[in-house]
Amino acid sequence: MEKRPFVTKEKLEEIVREYPTPFHLYDEKGIRENAAKLKEAFAWNEGFREYFAVKATPNPFILKILKDYGCGMDCSSLTELMMSEATGFAGPDIMFSSNNTPAEEYRYADKMGAIINLDDITHIDFLEESIGYIPETISCRYNPGGLFKISTDIMDNPGDAKYGMTTEQIFEAYKILKSKGAKRFGIHAFLASNTVTNEYYPLLAKVLFELAVKLENETGADIAFINLSGGIGIPYRPDQEPNDIHVIGEGVRKVYEEILVPAGMGDVAIYTELGRFMLAPYGALVTTAVHEKHTHKEYVGVDACAVNLMRPAMYGAYHHITVMGKEEAACDHKYDVVGSLCENNDKFAIDRMLPEISRGDLLFIHDTGAHGFAMGYNYNGKLKSAELLLKEDGSVQMIRRAETPEDYFATFDFCDVLKNTEK
Ligand SMILES: *Cc1c(COP(=O)(O)O)cnc(C)c1O
């Protein structure tokens, strides 16, 4: 499928006059339409709820938009809990799916009344020591090990993942939790990441629903919800077919009716914890071409770098690039599109065929709405960019300002670096 920017060149030029590049731009309309579609796709399940994976796009303005669609928040750290709380989420609006969790974070999550999702059997005792009791509602994270396969492909390798409990452990965990007073149970599993197929969720659902029936039968635990977690991907490449969330929802429904309903478990709520699927396509990194370099390769230097978007440097991830205003031009130039870090992996694209790029051209780097800004860092003393929201009415709101040198130096509260440079 052709990938088109969600904003025109004219609009972007207008935005750039007020907010200098680089910045991440989010598309409110796209976010809303997609969130509504997800809700519809699972409307057959009375208790359905999406707990947005805050780590994907931790910005209160984005979280507030998702709140309009009934979303809760999936948190994995103290600051994510704090941000969700400050944005108006409370109690069971929050799923705390953490791992290797500090006691302080369990205490904070418990004080908020968040649903705690235990990553490991040893965390039962650890949680009890941390908060003084076992909550009545509790969830356990499952990892069956081995490879996760679909008909045509190996999807991921849970056997190599640090998360979750083995089959034996989850049965044991349920028994212990029940003996310690837990009354409502959940099951959670995240077995494959960024899947671009409608098969993943239904297959995962089958594994978890069968487990749920056995768990109820053998431990007598009341299973209240099954959390399919994240993993529904998006087509980063133009040749990929996007997932159809309606087909996915129907696929899960079919398995639900085959396995849970006959077992008398037709009241189990389905939860999701999608991050990428909710936001990735509705954000872009906008950057300006500032240099060209002709040596052993052809380089275009842009004013963004890997600190603004780490995925290409970290996983060699593909992000599509549109050169604004040159959508129809032939892609007859082969470029490495690079940032300015002193790191040779600071490349947004390698050997990418693009239209001829001139200094001053605006580049729209697609699909940065999730795991984009959020993974940013400050290497080379680079500052994090602003985040802007393109609203439904066409106006633009700055939803996070760009960092300044003062922010970068703020943790040196024991010296006078800035005062001395300001003289
Ligand atoms: C990262 C994460 C998610 C979201 O994953 P996506 O790939 O963005 O859908 C959901 N749940 C947990 C526990 C996670 O760590």
Side-chain angles (χ1 to χ4, degrees), residues 26 31 34-35 37-38 41-42 49-59 62-63 66 71-81 83-84 89 93-101 105-106 109 114-120 123 138-143 148 155-158 160-165 186-198 200-201 204-205 208 225-236 240 242-243 245 248-249 252 270-283 309-311 314-315 317 319 367-375:
Y26 301 93
I31 298 171
N34 185 61
K37 260 197 248 169
L38 171 73
F42 284 89
R49 193 162 198 197
E50 151 73 1
Y51 286 85
F52 175 65
V54 175
K55 73 163 191 265
T57 322
N59 186 306
I62 301 289
L63 307 191
L66 296 174
C71 294
M73 291 296 133
D74 164 37
C75 300
S76 59
S77 69
L78 180 66
T79 49
E80 288 177 5
L81 289 169
M83 183 185 292
S84 303
F89 296 91
D93 297 339
I94 297 184
M95 183 70 61
F96 189 47
S97 290
S98 59
N99 71 92
N100 190 16
T101 313
E105 301 194 0
Y106 274 140
I115 303 172
I116 291 175
N117 182 23
L118 295 174
D119 180 65
D120 191 59
H123 284 218
I138 192 118
S139 175
C140 292
R141 184 163 182 169
Y142 177 56
N143 181 340
F148 197 81
M155 248 188 232
D156 222 321
N157 186 357
D160 206 29
K162 67 172 175 169
Y163 312 106
M165 308 181 191
I187 306 175
H188 168 280
F190 190 167
L191 303 186
S193 189
N194 191 29
T195 61
V196 191
T197 158
N198 297 328
Y200 170 62
Y201 251 22
L204 172 67
L208 298 186
F225 61 86
I226 294 173
N227 185 341
L228 302 175
S229 187
I232 298 187
I234 61 128
Y236 286 99
Q240 287 176 301
N243 288 318
I245 197 64
I248 291 173
V252 174
I270 299 300
Y271 293 167
T272 58
E273 280 177 353
L274 299 169
R276 194 184 313 273
F277 181 78
M278 301 305 286
L279 254 302
Y282 316 109
L309 177 67
M310 198 188 199
R311 299 186 71 259
M314 194 172 185
Y315 327 105
H319 278 266
D367 301 321
T368 72
H371 312 300
F373 180 95
M375 286 172 79

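Every number for a ligand or one of its atoms is a count from 1 in the order of the listing.
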Would you say [X] contacts ligand 1, with heavy atoms under 4.0 Å as the rule?
X      : result
Ala370 : no
Phe190 : yes
Met278 : no

Between Ser97 and Glu273, do the side chains contain a donor N or O and an acceptor N or O under 3.5 Å apart? yes

Is the Lys NZ or Arg CZ of Arg49 less than 6.0 Å from the centre of Phe225's six-membered ring, within 45° of the axis?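 No, Arg49 does not lie over the aromatic ring of Phe225.
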
Main-chain N/O of [Y] paired to [X] side chain as donor or acceptor, under 3.5 Å:
X      : Y      : answer
Asp156 : Phe148 : no
Tyr200 : Ala192 : yes
Asn194 : Arg276 : no
Asn34  : Phe277 : yes
Glu50  : Leu274 : yes
Asn143 : Lys162 : no

Out of all atoms in ligand 1, which are within 4.0 Å of some heavy atom of [X]? Include the element for each.
X      : answer
Gly275 : 4 (C), 6 (P), 8 (O), 9 (O)
Arg141 : 13 (C)
Gly231 : 6 (P), 7 (O), 9 (O)

Check: [X] N/O within less than 3.5 Å of ligand 1 N/O:
X      : answer
Ala53  : no
Ser97  : no
Asn194 : no
Asp74  : yes

What protein heavy atom lies closest to atom 14 (C) of ligand 1? Include the residue and the distance to one decimal.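 For atom 14 (C) of ligand 1, the nearest protein heavy atom comes out as Lys55 NZ, 2.8 Å.
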
Would you indicate which of His371, Glu273, Arg276 comes nearest to atom 4 (C) of ligand 1 when only heavy atoms are counted?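 Ranked by closest heavy atom to atom 4 (C) of ligand 1, first place is Glu273.
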
